Number of protein chains: 2
Amino acid sequence: MTEKGIEEVHPVKRTTGFALAKVCKAHRGSVGGMLAEVGLHVGQEMVLIELWHCDGLRGGKLACRLGVEPPTVTKMLRRLEDSGLVERRPDPADARSFLVYLTEEGRALENPVVRLWERAEEKTLAGLDAAERRELGRLLTKVRAGLGAERN
Amino acid sequence: MTEKGIEEVHPVKRTTGFALAKVCKAHRGSVGGMLAEVGLHVGQEMVLIELWHCDGLRGGKLACRLGVEPPTVTKMLRRLEDSGLVERRPDPADARSFLVYLTEEGRALENPVVRLWERAEEKTLAGLDAAERRELGRLLTKVRAGLGAERN
DNA sequence: TGAAATTACTTAGCCGGCTAAGTAAAAGGG
DNA sequence: CCCTTTTACTTAGCCGGCTAAGTAATTTCA
């Protein structure tokens with residue numbers, strides 16, 4: 001008998017969302033591995049990216065830009081501070097807040113991180129030609145834009 | 001003066017990988033919110049999906065299918081077992097292993113989860129027309145296939 | 001056959017996420 | 001002016017991931 005059902009795949013696995021999750025996980029894994037070489041954990045580079053773009057952000061603003069909840073930022077900043085990449089200073093305008101500044105070491109990571117993201121990108125998209133890459137980028141950007149009027 | 005630099009975006013943010021991460025996070029958020037309504041945490045449904053397809057998997061096989069490390073499976077299964085969705089029985093063929101079986105409740109979640117993934121998919125891809133959705137699905141599948149000869 | 005190597009899983013502990021609940025400062029409003 | 005509400009952040013604790021280090025059973029092989 002032909003085992004007709006044996007290669008069947010669950011309906012959820014045939015969704016675009018599922019493929020998205022898998023590809024994202026792979027990409028995250030790539031970035032994570034490379035990031036470990038410069039002493040970062042995946043996700044922490046996002047904080048740095050915001051600060052490279054605009055140093056001295058308030059904690060809450062950072063959470064908002066990252067699209068993440070405040071407690072997440074609290075913990076990440078504590079670790080980044082312990083690693084000496086970031087500095088938290090009181091906000092002179094509001095005693096409840098603080099401002100986050102890069103240290104020299106934090107600033108020094110920008111180029112390595114940019115390069116490593118490029119390498120991860122290349123690794124992830126290795127199976128696509130230039131036109132396909134453009135199209136994938138366009139579609140993801142469009143989806144992102146369509147995901148409500150959310151920031152970041 | 002025109003504030004020419006003010007809308008500049010960091011190079012990393014212009015990568016496809018970055019858009020991928022954002023879209024994936026939004027999708028995960030959608031699924032997670034819906035999953036909470038049926039008492040699941042995002043990620044746990046992946047275990048169930050494997051079991052719906054093939055009940056009685058070994059722990060290690062499950063980890064492999066999920067593309068996840070064994071300790072992750074250990075903890076997830078403990079929680080799923082505590083929730084009464086899954087049952088772990090000793091493997092008669094190998095005393096180091098165990099087999100994972102769905103309970104009736106675990107089996108009952110299949111349709112709700114499938115429907116909720118469909119809703120999340122719709123929500124995520126709302127900004128794309130049918131052709132674009134097909135193309136995005138095709139490209140993600142291709143990327144996934146290109147990501148080494150990895151399983152799952 | 002019996003010691004060594006391999007395999008299968010668990011434990012401990014860290015990280016990025018989250019929610020819920022707390023604290024403390026700032027803003028409003030009578 | 002003081003009391004209430006809102007805001008900004010922290011703490012506690014859970015979850016899905018990971019790695020490193022363990023334990024116990026199976027395999028291998030001399």
Side-chain angles (χ1 to χ4, degrees), chain A residues 21-22 24-37 39-50 57-83 85 88-100 152, chain B residues 21-22 24-37 39-50 57-83 85 88-100 152:
Chain A
K22 287 296 182 182
C24 182
K25 182 173 199 284
H27 180 266
R28 189 180 173 84
S30 273
V31 171
M34 296 175 187
L35 240 22
E37 295 168 13
L40 285 175
H41 282 84
V42 65
Q44 295 184 326
E45 86 277 26
M46 295 301 173
V47 173
L48 300 180
I49 287 169
E50 294 304 330
L57 248 30
R58 268 188 22 184
K61 184 86 180 172
L62 201 43
C64 168
R65 294 260 186 108
L66 293 170
V68 132
E69 297 304 313
T72 300
V73 166
T74 297
K75 286 197 293 186
M76 287 177 79
L77 285 179
R78 181 170 49 68
R79 284 156 191 157
L80 285 170
E81 210 169 8
D82 291 348
S83 307
L85 300 173
R88 236 160 26 161
R89 302 211 272 262
D91 181 349
D94 189 335
R96 294 168 303 179
S97 296
F98 56 88
L99 304 176
V100 186
N152 65 293
Chain B
K22 288 295 182 184
C24 182
K25 183 174 199 283
H27 180 268
R28 189 180 173 84
S30 273
V31 170
M34 297 176 188
L35 241 21
E37 296 168 13
L40 285 175
H41 282 85
V42 65
Q44 297 185 324
E45 85 277 26
M46 295 301 174
V47 174
L48 299 181
I49 287 169
E50 294 303 331
L57 247 32
R58 267 188 26 183
K61 184 85 180 176
L62 202 41
C64 169
R65 295 259 186 110
L66 292 169
V68 132
E69 297 303 315
T72 300
V73 167
T74 297
K75 287 199 292 185
M76 286 177 79
L77 285 180
R78 182 169 49 68
R79 285 158 191 155
L80 286 170
E81 210 169 7
D82 291 348
S83 307
L85 301 174
R88 234 162 25 163
R89 301 211 273 261
D91 183 348
D94 188 336
R96 294 168 301 179
S97 296
F98 57 88
L99 304 177
V100 187
N152 68 289

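FYI, side chains are in, hydrogens and waters are out, and symmetry mates aren't considered; it's all heavy atoms of this structure. The structure displayed is predicted, hence computed values, not measured ones. In what follows, chains are A, B, ... by sequence order, proteins preceding strands, each numbered from 1.
Residue B/V73 comes nearest to B/G59 through the heavy atom pair CG1-O, 4.0 Å, listed as atom of the first residue, atom of the second, then distance.
Of the two residues contacting DNA chain C, namely A/R96 and B/P71, the nearest-nucleotide position lying further toward the 5' end is that of B/P71. Closest-nucleotide positions on DNA chain D for A/V73 and B/V42 were compared, and the one nearer the 5' end corresponds to A/V73.
Looking at heavy-atom distances under 4.0 Å, B/S97 makes contact with sugar-phosphate atoms alone, never a base. Residue contacts shown for B/R78 are absent, as no nucleic acid heavy atom lies under 4.0 Å away. Residue contacts for B/K75: at a heavy-atom cut-off of 4.0 Å it reaches a base atom on one of the strands shown. Residue contacts shown for A/V68 are limited to sugar-phosphate atoms, with no base heavy atom under 4.0 Å away.
Side-chain contact check for A/Q44 versus A/L85: every heavy-atom pair is 4.5 Å or farther apart.
No donor-acceptor pair closer than 3.5 Å links the side chain of A/E37 to the backbone N or O of A/L35. At distances below 3.5 Å, not a single donor-acceptor pair connects side-chain atoms of B/E50 with backbone N or O atoms of B/L48. With B/K25 contributing its side chain and A/G67 its backbone, the two residues share a donor-acceptor pair below 3.5 Å.
Bracketed by its first and final contacts, the part of DNA chain D lying under 4.0 Å from non-hydrogen atoms of chain A reaches from D/dT7 to D/dC18 in 5' to 3' order.
Between the OG atom in A/S97 and the CZ atom in A/R88 there is a gap of 11.5 Å [rounded to 0.5 Å].
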